[in-house]
Amino acid sequence: MSEQSVHEPSAPDQTAPEQSAYDFRTIERKWQQRWEREGIYLTRDGGGPKYYVLEMLPYPSGDLHVGHAKNYSLGDAVARIMRMRGYDVLHPMGWDAFGLPAENAAIQRGIDPETWTRSNIENMRRQIKLMGTGYDWTREFATCDPAYYKWNQWFFLRMFEQGLAYKREAPVNWCPVDRTVLANEQVQDGVCWRCGAAVERRNLAQWFFKITDYADRLLAGLDRLTGWPERIKTMQRNWIGRSEGATLAFDVEDVAARIEVFTTRADTVFGTTFLAVAPEHPVVAQIVARLPESRARIEEFAAGLRSKSELERTQLMEKAGVPTGAYAVNPLSGERVPIWVANYVLAEYGTGAVMGVTAHDQRDFEFAQKYDLPVVQVVTDEAGTVQPPLSEAFTDDGVLIASGEYSGMTSAQARTAIAAHLEVQGRGTSTITYRFRDWLVSRQRYWGTPIPIVYCPTHGAVAVPDAQLPVLLPKNVAFTGQGSPLANNPDFVHTTCPTCGEPATRDADTMDTFVDSSWYMLRYLDPRNGERPFDEAIATRMMPVDQYIGGAEHAVLHLLYARFFYMFLIDQGYVHGDDEPFTRLFNQGTLLHGGEKMSKSRGNVVGIDETVERHGVDAMRLFLLKAAPPEDSLEWSDEGIVGRVRFVGRVWRAVEPLAAKAKSAPLDRLPETRGDAQRQLVRALHVALESAQGETDTRRFHYNVTTAKLDELINALTTLLREPGASDDPAVLYVVHALPIVLAPFAPHLADELWAALGYATSVHLERWLAPDPAALAVDAITLVVQVNGKVRARIDTAPGIGEEAAFELALREPTVTAQIDGKQVRKRIFVADKLLNIVAA
RNA sequence: GGGAUGAUGGUGGAAUAGGCAGACACAGCAGACUUAAAAUCUGCAGCCCGCAAGGGCGUCCGGGUUCGAGCCCCGGUCAUCCCACCA
């Protein structure tokens with residue numbers, strides 16, 4: 001590492017604590033340089049079990065703040081503990097480098113997106129190294145490297161071949177002034193972020209990945225992911241939104257059309273009093289052709305709806321509709337029901353049409369109230385107490401009434417019977433509907449992976465041959481914020497058809513950046529492979545990721561897309577094994593400052609450079625681990641970190657004077673202990689070891705508790721050191737010798753400085769972890785709690801294993817106990833060995 | 001509207017399986033060291049009564065189960081997050 005890459009100290013800060021004897025600035029820099037020089041964090045192939053720990057790929061936004069540090073401190077501690085425990089740890093880092101902010105910088109400040117991105121990466125890499133994190137940097141890549149995005153294109157073509165990538169029209173946000181598509185975050189209050197023009201919805205032909213083909217596998221896989229938080233799995237299930245029901249067909253009177261409706265309540269068909277369709281439903285055009293007098297009314301209604309923002313449409317609007325004038329026929333009862341266009345029917349879900357069952361669906365009920373439609377109850381509860389008139393929809397399952405031959409059946413029986421009956425007549429089928437849609441991957445942007453498709457007047461959409469990949473992003477691009485940068489670039493767009501060689505045009509869209517992050521965990525395994533995205537054998541050996549760490553904001557999209565992508569890779573045989581890519585998932589809590597999430601846009605960031613310069617890396621990392629459990633959000637505290645600065649100094653002052661002696665204290669067996677204080681000290685060390693190691697086993701990562709155990713350890717050590725002769729005590733020297741090992745995952749620089757002071761020439765991070773020793777953890781004295789009627793009245797210090805009778809006799813010697821029993825009869829005794837004696841007296 | 005999670009001292013938090021509530025730390029107070037301060041070290045510290053010994057109360061509120069509830073059950077309040085016209 002060169003000198004330039006180390007941060008220059010900022011101006012001296014008068015409020016900063018005076019430098020103690022432990023010069024963290026010099027020491028931390030020294031170790032970081034040495035670790036890098038010696039390559040101690042390169043992935044080892046030492047014949048141990050593999051352990052792949054991965055933090056979610058960061059976006060290179062510019063500067064790291066302590067919120068990022070919270071994430072990396074955790075992953076780094078996990079990686080270090082597992083490495084010391086003998087696992088062959090893979091812990092890589094890279095960059096999610098495509099995306100909108102770089103393009104915005106280009107539009108607003110005229111900076112080339114690549115220049116902007118690369119310089120951010122440089123800075124963030126420097127800052128991550130400044131934290132002393134143990135990544136294997138030889139595997140680093142950025143998703144904007146052509147050597148990476150080439151494989152995005154390659155996978156796109158494989159999906160295209162399999163019919164999993166397809167093209168269809170879909171609405172986008174369109175700015176009529178800038179003639180460009182806007183991302184949702186570029187639409188603010190319905191207007192363009194740049195020019196303020198009102199944003200329109202427009203249909204464009206775009207590429208989709210057929211993730212819905214995998215819906216049931218994505219659902220089923222969740223049940224096997226026992227190492228994932230239940231909350232995230234629930235969110236994914238809700239997102240997929242599997243719904244079992246039936247599709248039923250209603251004939252339209254006087255129009256040669258059928259309206260299909262999806263319903264989960266086929267048992268309520270007899271209660272249908274109207275049909276509601278989305279304004280976009282094709283039947284609307286057919287009805288208008290037949291009943292021209294309805295045209296104006298329907299078009300006005302649809303136009304009013306289109307002018308509303310998404311927010312107004314989904315949250316604020318009252319249910320409303322207009323009658324089309326046409327009627328449909330109930331396939332079971334034969335009754336005529338009016339067809340309405342309604343604002344609460346979604347074109348994209350189900351069939352875009354619903355049967356209006358006013359008595360048994362709350363939305364339909366409200367609609368009926370507003371437009372005075374009949375309410376026909378066809379289900380009642382078991383006891384038959386629910387009777388008309390209804391004041392609200394009765395939405396529970398129950399028993400059918402007024403439903404012809406189905407009356408008397410339960411809802412569940414009727415659903416099956418009705419679906420079967422209609423199926424025979426060709427008017428119904430059992431259907432499973434999903435809430436989530438196929439994955440729209442086209443983005444009308446520059447800074448992303450070009451879609452490797454060419455449009456030929458003769459041959460249509462043609463795949464770019466593999467040999468011609470990557471389709472490179474052009475360099476000579478003007479960023480005006482108007483139009484599409486690639487579509488505006490003739491050199492890029494004009495090409496020849498791979499099939500016939502005639503003039504053709506390229507697809508001018510780029511891929512959603514979620515494509516980039518859907519398979520990156522595989523590229524780390526074989527990052528320089530030029531022939532394949534990754535080697536099959538290596539991937540099969542190293543996958544899945546054992547521990548994935550990141551924020552809950554990716555609970556649905558990224559984590560669902562990556563699971564889908566991996567299932568595809570498994571199916572295609574690019575990697576073998578289980579089709580879930582992330583065995584365990586841990587969701588970090590966010591870092592708050594001033595009660596709000598720390599972020600550049602909120603202007604409440606605390607930078608890494610300043611924090612490290614002022615307090616030191618180890619203190620920062622220890623504070624971020626100590627202040628709260630890692631899944632909780634955590635309020636940054638400039639005061640709180642002072643406690644960790646003190647801890648670092650206290651450890652150094654306690655250990656350093658004894659370091660020369662301590663190396664000869666053997667670590668392979670427990671030391672002789674003379675007294676209770678010595679036994680407590682050795683026990684404190686093993687409690688800390690157990691805490692640190694247990695957290696990786698149980699996956700809770702509650703290092704806030706582990707750091708408290710380290711506090712207790714150092715408190716016990718400094719207390720003992722005040723006793724005469726302590727510096728020759730075998731227990732003290734044993735603990736001093738072992739201390740760097742237990743500190744290594746959390747304060748890696750301090751640990752190595754202590755290890756060197758002991759006289760070691762090699763890094764402590766190459767040492768083996770100490771196994772917590774049950775003999776050291778055993779206690780030789782307990783405090784037995786004595787309760788009278790459930791209230792603590794005395795505590796008796798005694799040896800473990802004391803019997804109930806003996807305990808009772810001791811308890812009766814305590815005046816605070818006898819005072820409570822006095823004049824009462826002892827009715828009962830509850831005895832919990834080595835813990836508690838409860839005397840029940842009345 | 002639906003779902004999930006949570007609520008513990010001045011603050012962040014701890015409490016393995018229903019068994020000592022408040023570990024550890026921050027802030028605070030007192031003391032030691034110092035000419036003085038900083039740094040460091042030591043001690044105190046949930047609330048109320050009491051000189052003390054000790055006692056009463058106490059984990060959002062109200063009930064319940066239990067010898068015993070921060071933890072389990074029922075009802076409520078508040079907070080955060082997610083989904084939200086999904087037929």
Side-chain angles (χ1 to χ4, degrees), chain A residues 17-21 229-232 234-235 237-239 241-243 245 261-265 268 276 313-319 342-346 348-357 360-364 366-367 433-436 552-553 555-556 589-590 622-623 626-629 631-644 646-647 649-650 653 694 698 702 704-715 718-719 722 782-795 815-816 819-820 827-832 834-842:
Chain A
E18 198 81 0
Q19 261 188 12
S20 64
E230 216 42 61
R231 191 170 59 99
I232 303 295
T234 302
M235 283 167 70
R237 286 191 190 102
N238 291 343
W239 185 264
R242 186 177 197 273
S243 184
V261 300
F262 173 72
T263 180
T264 54
R265 294 295 305 273
T268 64
R313 262 195 89 151
T314 56
Q315 292 182 29
L316 306 176
M317 255 165 105
E318 199 183 326
K319 286 160 194 40
N343 65 355
Y344 68 94
V345 181
L346 306 174
E348 315 90 48
Y349 182 75
T351 60
V354 300
M355 54 184 214
V357 182
H360 303 290
D361 181 286
Q362 189 57 30
R363 289 162 312 207
D364 297 342
E366 288 170 27
F367 196 77
T433 298
Y434 299 93
R435 202 184 68 86
F436 80 150
E553 67 273 19
V556 178
T590 51
L622 285 165
F623 172 71
K626 161 123 194 153
E631 67 272 24
D632 286 4
S633 63
L634 151 62
E635 175 71 25
W636 176 257
S637 162
D638 280 319
E639 287 160 347
I641 195 173
V642 170
R644 298 302 92 197
R646 286 182 196 145
F647 172 81
R650 207 152 59 225
R653 283 190 299 276
T698 57
H702 282 199
N704 54 323
V705 177
T706 305
T707 48
K709 301 300 179 197
L710 291 171
D711 275 314
E712 290 181 21
L713 172 59
I714 200 66
N715 289 346
T718 47
T719 303
R722 286 202 299 277
I782 55 131
T783 301
L784 190 76
V785 172
V786 182
Q787 297 180 335
V788 180
N789 293 333
K791 283 191 186 288
V792 179
R793 295 300 173 183
R795 295 179 176 88
T816 50
Q820 297 294 329
R827 307 265 177 200
K828 198 172 170 184
R829 296 190 312 224
I830 314 286
F831 183 70
V832 182
D834 291 349
K835 278 208 168 127
L836 166 134
L837 174 68
N838 186 13
I839 301 167
V840 184

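Quick caveat, the model's predicted, so the values are computed rather than measured. All chains are named by letter (A, B, ...) in the order of the sequence lines, taking the proteins before the strands, and each is independently numbered beginning at 1.
- For A:Thr234, no side-chain nitrogen or oxygen approaches OP1 or OP2 of B:rC82 to under 4.0 Å.
- Within 4.0 Å (heavy atoms only), A:Lys626 reaches at least one base atom of the nucleic acid.
- Across the protein-nucleic acid pair, A:Glu230 atom CD and B:rG3 atom C1' stand 13 Å apart, rounded to whole Å.
- Nucleotide B:rG46 is matched to B:rC57 when pairs are restricted to Watson-Crick or G-U wobble geometry with both distances under 3.5 angstrom.
- Nearest nucleotide to the A:Asn838 side chain, out of B:rA23, B:rA87, B:rG19: B:rG19.
- Spacing of C1' atoms, B:rA84 relative to B:rC71, comes out at 33 Å, to the nearest Å.
- Between the CZ atom of A:Arg650 and the P atom of B:rA39 there is a distance of 14 Å, given to the nearest Å.
- Between A:Arg644 and B:rC26, a side-chain N or O to OP1/OP2 separation shorter than 4.0 Å is absent.
- Figure legend. B:rA32 is base-paired to B:rU40; pairs are counted as Watson-Crick or G-U wobble with both atom distances under 3.5 Å.
- A donor-acceptor distance shorter than 3.5 angstrom exists from the side chain of A:Thr816 to the backbone of A:Arg793, with no hydrogens or angles considered.
- Checking B:rA27, B:rA87, B:rC20 against every side-chain atom of A:Val642, the shortest atom distance belongs to B:rA27.
- Closest to the A:Arg653 side chain, of the nucleotides B:rA23, B:rC41, B:rC85, is B:rC41.
- Under the side-chain contact (heavy atoms from CB on, under 4.5 Å) criterion, A:Gln787 pairs with A:Val785, A:Val792, A:Leu836, A:Asn838, not counting sequence neighbours.
- Using C1' as the reference atom, B:rC49 and B:rC41 are 35 Å apart when rounded to the nearest Å.
- Atom CD1 of A:Ile232 and atom P of B:rA4 are 15 Å apart (whole Å).
- The nearest heavy atom of RNA chain B to A:Gly640 and to A:Asp632 marks one nucleotide each, and the one closer to the 5' end goes with A:Asp632.
- Nucleotides B:rA15 and B:rG63 have their C1' atoms positioned 26 Å apart, rounded to a whole Å.
- When distances are taken from the side chain of A:Val832 to each of B:rG19, B:rA14, B:rA87, the shortest belongs to B:rG19.
- As rounded to whole Å, 15 Å separates atom P of B:rU80 from atom CD of A:Glu635.
- Here the CD1 atom belonging to A:Ile839 is positioned 14.5 Å from the CZ atom belonging to A:Arg827, to the nearest 0.5 angstrom.
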Original post:
Reading nucleotides 43-56 of chain B 5' to 3', which nucleotides get B (base under 4.0 Å from a protein heavy atom), which S (sugar-phosphate only), which -?
Top reply: -----------SSS

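- Put simply, CG on A:Asn715 and CG on A:Leu710 are 10.5 Å apart, with the number rounded to the nearest 0.5 Å.
- Annotation: side chain of A:Thr718 is not in contact with side chain of A:Arg653 (no heavy-atom distance under 4.5 Å).
- Base pairing analysis places B:rG19 opposite B:rC67; the two distances defining the Watson-Crick or G-U wobble pair are each below 3.5 Å.
- For A:Trp239, the side-chain atoms get nearest to B:rC83 when compared with the rest of B:rC81, B:rC83, B:rG19.
- Between A:Ala353 and A:Met235, the residue anchored closer to the 5' end of RNA chain B is A:Met235, taking for each the nucleotide with the nearest heavy atom.
- Across all strands shown, the partner of B:rU80 is B:rA4, judged by Watson-Crick or G-U wobble contacts whose two distances both fall under 3.5 Å.
- At whole-Å resolution of the value, CZ in A:Phe367 and C1' in B:rA87 are 13 Å apart.
- In this entry the distance linking CZ of A:Arg795 with C1' of B:rA21 reads 10 Å, nearest Å.
- Side-chain atoms of A:Arg435 come within 3.5 Å of backbone N or O of A:Asn238 as a donor-acceptor pair.
- The gap from the C1' atom of B:rG68 to that of B:rA17 amounts to 15 Å, rounded to the nearest Å.
- With its glycosidic angle more than 90° from 0, B:rA84 is assigned anti.
- Using a 4.5 Å heavy-atom cutoff, the side chains of A:Asn789 and A:Val840 are in contact.
- Residue contacts shown for A:Gly643 are limited to sugar-phosphate atoms, with no base heavy atom under 4.0 Å away.
- Between A:Asn704 and B:rG12 there is no side-chain polar atom (N or O) within less than 4.0 angstrom of OP1 or OP2.
- OP1 or OP2 of B:rC26 sits under 4.0 Å from a side-chain N or O of A:Arg646.
- A:Lys828 has a side-chain polar atom (N or O) that falls below the 4.0 Å cut-off from OP1 or OP2 of B:rC67.
- For the P atom pair drawn from B:rA37 and B:rA45, the interatomic distance equals 26 Å after rounding to whole Å.
- Of all nucleotides present, none satisfies the Watson-Crick or G-U wobble test against B:rA87 with each distance under 3.5 Å.
- Side-chain atoms of A:Asp711 and A:Arg644, non-hydrogen and from C-beta on, do get closer than 4.5 Å to each other.
- Partner assigned to B:rC26 is B:rG10, using Watson-Crick or G-U wobble distances below 3.5 angstrom.
- Taking A:Tyr349 as the reference, nothing meets the side-chain hydrogen bond (donor to acceptor under 3.5 Å, both in side chains) condition, with sequence neighbours excluded.
- Going from the C1' atom of B:rC82 to that of B:rC74 covers 26 Å, rounded to whole Å.
- You won't find any donor-acceptor pair under 3.5 Å spanning the side chain of A:Asp711 and the base of B:rC24, going by distance alone.
- In this structure, A:Asn789 atom CG and B:rU66 atom C1' are separated by 13 Å, rounded to whole Å.
- Cation-pi geometry between A:Arg650 and A:Phe647 is not met: the NZ or CZ atom fails to fall both under 6.0 Å from the ring centre and inside 45° of the normal.
- Among the heavy atoms of the strands, none lies under 4.0 Å from A:Asp364.
- B:rA23 and B:rU8: their P atoms are spaced 16 Å apart (whole Å).
- A donor-acceptor contact under 3.5 angstrom links the side-chain atoms of A:Gln787 to the base of B:rG19.
- B:rG6 takes the anti form, because its glycosidic angle lies more than 90° either side of 0.
- Distance check on atom C1': B:rC67 versus B:rG18 gives 12 Å, rounded to whole Å.
- Taking the side chain as every heavy atom from C-beta outward, A:Arg242 and A:Arg237 never approach each other to under 4.5 Å.
- A 4.5 Å side-chain heavy-atom check between A:Phe623 and A:Thr707 finds every atom pair outside the cut-off.
- Note on A:Val785: a base of the nucleic acid sits closer than 4.0 angstrom, heavy atoms only.
- Rounded to an integer number of Å, the gap from A:Arg237 CZ to B:rG2 C1' is 17 Å.
- Comparing B:rC24, B:rC67, B:rA87 against the side chain of A:Tyr349 picks out B:rA87 as the nearest.
- Within the nucleic acid shown, A:Pro629 comes within 4.0 Å of sugar-phosphate atoms alone, with no base atom in reach, counting heavy atoms only.
- Of the listed nucleotides (B:rC20, B:rG12, B:rG68), B:rG12 has the atom at the smallest distance from the side chain of A:Ala627.
- Taking every side-chain heavy atom of A:Asn715 into account, B:rC24 is the closest of B:rG19, B:rC24, B:rC85.
- Taking 4.0 angstrom as the limit, A:Asn238 places none of its side-chain polar atoms (N or O) nearer than this to OP1 or OP2 of B:rA84.
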